[in-house]
Amino acid sequence: MRIIVAGGDGFCGWPTALYLSKQGHEVSIVDNLVRRKIDDELHSNSVTPIATLEDRVAKWKELTGKEIKTFVGDLNHYDFLAEVFKQTEPDAFVHFAEQRSAPYSMIDREHAVYTQSNNVIGNLNVLYAIREFAPECHLIKLGTMGEYGTPNIDIEEGYLEIEHNGRKDKLPYPKQPGSFYHLSKVHDSHNIMFACKIWGIRATDLNQGVVYGLHTEETEMDPVLANRLDYDGVYGTALNRFIIQAATGHDLTVYGTGGQTRAFLNIKDTVRCVEIAAEHPADKGEFRVFNQFTEYFSVQDLAEKVQKVAGETGLKTEVSHIDNPRVELEQHYYHAVNTKLRDLGLEPNLLTDEVIKGILTAALEHKDRVIKENVLPSISWK
Ligand code: NAD
């Protein structure tokens, strides 16, 4: 297949591009490299040193003989995107290219506006480009489990059958997102659903849980192929952030009581889920939703798991509770369905002590790169 990986220079996109290329697909990366510029804005960095996109794809070609084309540009520039579609004629468009940090979207008005315009308009341009240049192309869009929030009922995969005043219908599952970033994903989902209905586009919305880990078989082939690993209070996600805190002798900082429960998956499963979606395209006009996660944990559970593994490695760490910068329930019901990807063949890489130890080893190797002032959260929702 000819596959575009938009956001292919990022944490999820880079390993996905490599994996799909290894499987024999013709992969093109589209990325405006804004994530690297945001590191400069935040005076932050990836714990792992990351090569330029140019060097990354050159190394991949040297090691495997496979070419990944790159298009450096912005989804918000429709002329650029149109040219990419004309040159690549994609069968599938994997869309990772969004601003994905909830705290970043909550910094101030400017960052909320940037997040929503970057994400919502970029995605709208992709929908128009598919309609105009590649109507058969399957859109595989990264959504998030955070779109649903934490309702007091089971979370279904995209749709909910309800009975109201004696009548029944299957309706989009209600969304209660917790940041302007998560809201941008909800707006995207609505736009995609509408485009599927009116233009017959085929789309899969992957409502992904929080991704942990950094290595895949492909990124481990050479240091130039290494993936980024975020740890700061803005882009670092729970688990990866705790592991890096443990590696640098920092307390594991749980927000509030730590009862917040979220869905998680290993980066190795992210790449496989995208492959599964690509191999089983949605029908024409279908807006399909998969919940893409393998397990859920409370934040307190995760901190304790990391503390245990760190202890076995000879690192003494404390779990500390700090004021929660977010507005969210700290004790709540959480049960989400995730059978569709499993039914199509996903075999999960579960969170074992070995997996935590593997990420910890990588974090220890580069711990001198951690900028300590960036570890604690600095952005408040209020
Ligand atoms: P990331 O920030 O590491 O990567 C995103 C990439 O997209 C970056 O390389 C960035 O430069 C690029 N990009 C952003 N806006 C662009 C634009 N307008 N045009 C072209 N390129 C642009 O993020 P990630 O962690 O790899 O996440 C990828 C996707 O997966 C996001 O849509 C995110 O919402 C979703 N997701 C991520 C997680 C997670 O835990 N990382 C969880 C759920 C969902």
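Whatever order the structure lists them in is the order used to number ligands and atoms, beginning at 1. Residue numbers count from 1 along this sequence.
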* Selection from N118, T270, L75, L81 by shortest heavy-atom distance to atom 18 (N) of ligand 1 -> N118

* Would a line drawn from the ring center of W199 to the ring center of Y128 be shorter than 6.0 Å? -> yes

* Considering only protein heavy atoms, which is closest to atom 4 (O) of ligand 1, and at what distance to one decimal place? -> G10 CA, 3.4 Å

* Which one holds for L33 and ligand 1: side chain close, backbone close, both close, or neither close, with close meaning a heavy atom under 4.0 Å? -> backbone

* To do: May I have the step-by-step check of side chain to side chain contact (heavy atoms under 4.5 Å, CB included) for T237 and R100, ending in yes or no?
  => CA-CA 11 Å; T237 47; R100 70 102 171 131; 4.0 Å; yes

* Say whether G143, considering both its backbone and side-chain N or O atoms, lies within less than 3.5 Å of an N or O atom on ligand 1. => no

* To do: Tell me which one of F11, F96, F293 gets a heavy atom nearest to atom 3 (O) of ligand 1.
  => F11

* Does any donor atom in the side chain of Q99 or T115 lie under 3.5 Å from an acceptor atom in the other side chain? -> yes

* Structure fact -> of all protein heavy atoms, closest to atom 34 (O) of ligand 1 is Y181 OH, 2.6 Å

* Asked: Think R35 forms a cation-pi with Y235, using NZ or CZ under 6.0 Å from the six-ring centre and within 45 degrees of its axis?
  -> yes

* Asked: Based purely on interatomic distance, does C12 place a nitrogen or oxygen under 3.5 Å from a nitrogen or oxygen of ligand 1?
  -> yes

* Test applied, side-chain hydrogen bond (donor to acceptor under 3.5 Å, both in side chains); reference residue, R228; option that passes from T48, N45, D39, T219 -> D39

* To do: For atom 2 (O) of ligand 1, find the nearest protein heavy atom and state the residue, atom name and distance (0.1 Å precision).
  => R35 CD, 3.2 Å

* For atom 22 (C) of ligand 1, which candidate among N32, N227, N123 holds the nearest heavy atom? -> N32

* **Cation-pi check, K340 onto F290 ring (under 6.0 Å, within 45° of axis)** => no

* Asked: Parallel, tilted or perpendicular for Y173 and Y148, by the 30°/60° rule?
  -> perpendicular

* Asked: How does R36 reach ligand 1, if at all, at less than 4.0 Å between non-hydrogen atoms: by side chain, backbone, both, or neither?
  -> neither

* Structure fact -> Closest to atom 24 (P) of ligand 1 by heavy-atom distance, out of R100, Q208, M145, is R100

* To do: Please say whether V211 places an N or O atom under 3.5 Å from an N or O atom belonging to ligand 1.
  => yes

* Asked: Thinking salt bridges, do D353 and K305 make one under a 4.0 Å N-O criterion?
  -> no

* Structure fact -> Of D9, I29, D31, the residue with the heavy atom nearest atom 8 (C) of ligand 1 is D31

* To do: Work out whether the distance between some heavy atom of G209 and some atom of ligand 1 is less than 4.0 Å.
  => yes

